[in-house]
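Letters go in sequence order (proteins before strands), and every chain restarts at 1. All figures in this text were calculated on a predicted structure; none of them were measured in a lab.
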2 protein chains.
Amino acid sequence: MPDPEGHPSRDEMDLRTVLSALADPLRFRVVAALVAEPERVERHCTSFGLPVSKSTRTHHFRILREAGLIRQVDRGNSRMARLRREDIEARFPGLIALIAEAGVPEPQDA
Amino acid sequence: MPDPEGHPSRDEMDLRTVLSALADPLRFRVVAALVAEPERVERHCTSFGLPVSKSTRTHHFRILREAGLIRQVDRGNSRMARLRREDIEARFPGLIALIAEAGVPEPQDA
DNA sequence: AGGGAGGTACGAAAAATTTCGTACCTAAGG
DNA sequence: CCTTAGGTACGAAATTTTTCGTACCTCCCT
């Protein structure tokens with residue numbers, strides 16, 4: 001069972017769920033941006049500049065969280081996102097390298 | 001440019017297109033089934049037992065073909081599908097291993 | 001205490017994807 | 001030659017996903 005905030009444990013992660021999460025252009029951009037960051041970096045959910053309303057943003061971050069790709073941490077009145085790099089690498093070895101190789105898409109093609 | 005039948009060349013393959021192709025449950029099943037086969041096996045498009053009409057089947061195989069995941073070859077009056085294993089491995093190393101590890105889903109879960 | 005930034009939940013609208021039916025084509029086999 | 005199996009193209013229906021607006025909550029700051 002996922003934890004109360006909806007984070008699955010490492011072995012609850014499912015490849016098809018992860019692929020669906022990454023299939024959306026905005027979500028891919030978020031993950032690719034995190035992959036390009038140094039290890040353990042936390043970023044504001046707002047810092048990705050997604051061209052959508054905040055309720056849509058909540059929706060996308062929920063899907064990323066429930067797929068196990070990111071961990072969201074409460075930091076006072078805002079929420080930070082961190083890539084679950086080790087868990088992803090352990091469960092789906094090589095996936096992060098593939099995303100890193102593809103790079104962060106430009107906003108317009110996504 | 002893709003060839004006349006819509007197969008992209010190796011370096012025209014795009015990770016996001018591939019991920020979108022794999023995000024559909026039926027298409028994932030097809031690819032996972034091909035991954036589980038020995039190298040170079042060709043299978044009838046009908047042999048996967050997809051629970052959809054033939055026009056829908058055409059649609060899904062087109063998406064797989066245009067993503068570069070399979071190559072479709074005319075064999076008289078029918079068409080065979082073959083995994084583009086080497087191209088996929090060259091362009092997205094590790095991806096096939098991830099799919100192989102996930103296994104072929106049971107029909108009911110997708 | 002009050003205002004503002006950042007978030008979530010919920011329901012509905014909009015857009016994209018999947019699905020099917022029909023019509024049509026080609027090749028293989030009787 | 002005719003039938004049948006396997007496919008494609010096109011348009012429309014059904015479903016899913018994305019998107020947004022509104023209402024509401026919490027924490028920080030003044």
Per the under-4.0 Å heavy-atom filter, residues of residues 67-85 of chain B near DNA chain C come out as B/Gly76, B/Asn77
Please identify each residue that fulfils side-chain hydrogen bond (donor to acceptor under 3.5 Å, both in side chains) with B/Arg10, with sequence neighbours left out. B/Asp87
Rounded to the nearest Å, what distance is computed from the CG atom of residue B/Leu19 to the C1' atom of nucleotide C/dT17? 17 Å
How many Å lie between CZ on B/Arg57 and P on D/dA5, as a whole number? 13 Å
So, are A/Arg65 and A/Glu5 salt-bridged, with charged N and O less than 4.0 Å apart? no
Expected string for nucleotides 15-23 of chain D under the B/S/- scheme (protein heavy atoms, under 4.0 Å, primed atoms plus P, OP1, OP2 as sugar-phosphate) is ---SBBB--
Are B/Arg75 and B/Glu42 ion-paired here, with the side-chain N under 4.0 Å from a carboxylate O? yes
Kindly say if B/Arg62 contacts the phosphate of D/dA9, meaning a side-chain N or O under 4.0 Å from OP1 or OP2. yes
Check whether NZ of the Lys or CZ of the Arg A/Arg29 lies under 6.0 Å from the centre of the six-membered ring of A/Phe48 and within 45 degrees of that ring's axis. no
Set of side-chain hydrogen bond (donor to acceptor under 3.5 Å, both in side chains) partners for B/His59, sequence neighbours left out: none
List in chain and number order the residues that pass side-chain hydrogen bond (donor to acceptor under 3.5 Å, both in side chains) with B/Asp14, two or more places apart in sequence or in another chain; answer none if no residue qualifies. B/Thr17
Give the rounded distance in Å between these two atoms: CG of A/Leu50 and C1' of C/dG6. 14 Å
Euclidean distance, atom NE2 of residue A/His44 to atom P of D/dC28 [Å, nearest integer]: 12 Å
Is the number of heavy atoms from other residues, nucleotides or ligands under 6.0 Å of B/Glu101 CD greater than 12? no
Considering the options A/Val41, A/Ile99, A/Leu34, which one meets the side chain to side chain contact (heavy atoms under 4.5 Å, CB included) requirement together with A/Leu83? A/Leu34
Below 4.0 angstrom, N of the basic side chain to O of the carboxylate: do A/Glu66 and A/Arg62 qualify? yes
Protein-nucleotide distance (B/Glu66, atom CD; C/dT17, atom C1'), rounded to Å: 15 Å
I need the CZ-P distance between B/Phe48 and D/dG7, as an integer number of Å. 11 Å
What stems show up for DNA chain C when you take Watson-Crick pairs (N1-N3 plus N6-O4 or O6-N4) and G-U wobbles (N1-O2, O6-N3), both under 3.5 Å, and require three or more consecutive pairs? C:1-30 with D:1-30
Does a donor on one side chain sit under 3.5 Å from an acceptor on the other, for A/Ser53 and A/Thr56? yes
Taking CD in B/Glu86 as the centre, count heavy atoms belonging to other residues, nucleotides or ligands within less than 6.0 Å. Is the count above 12? no
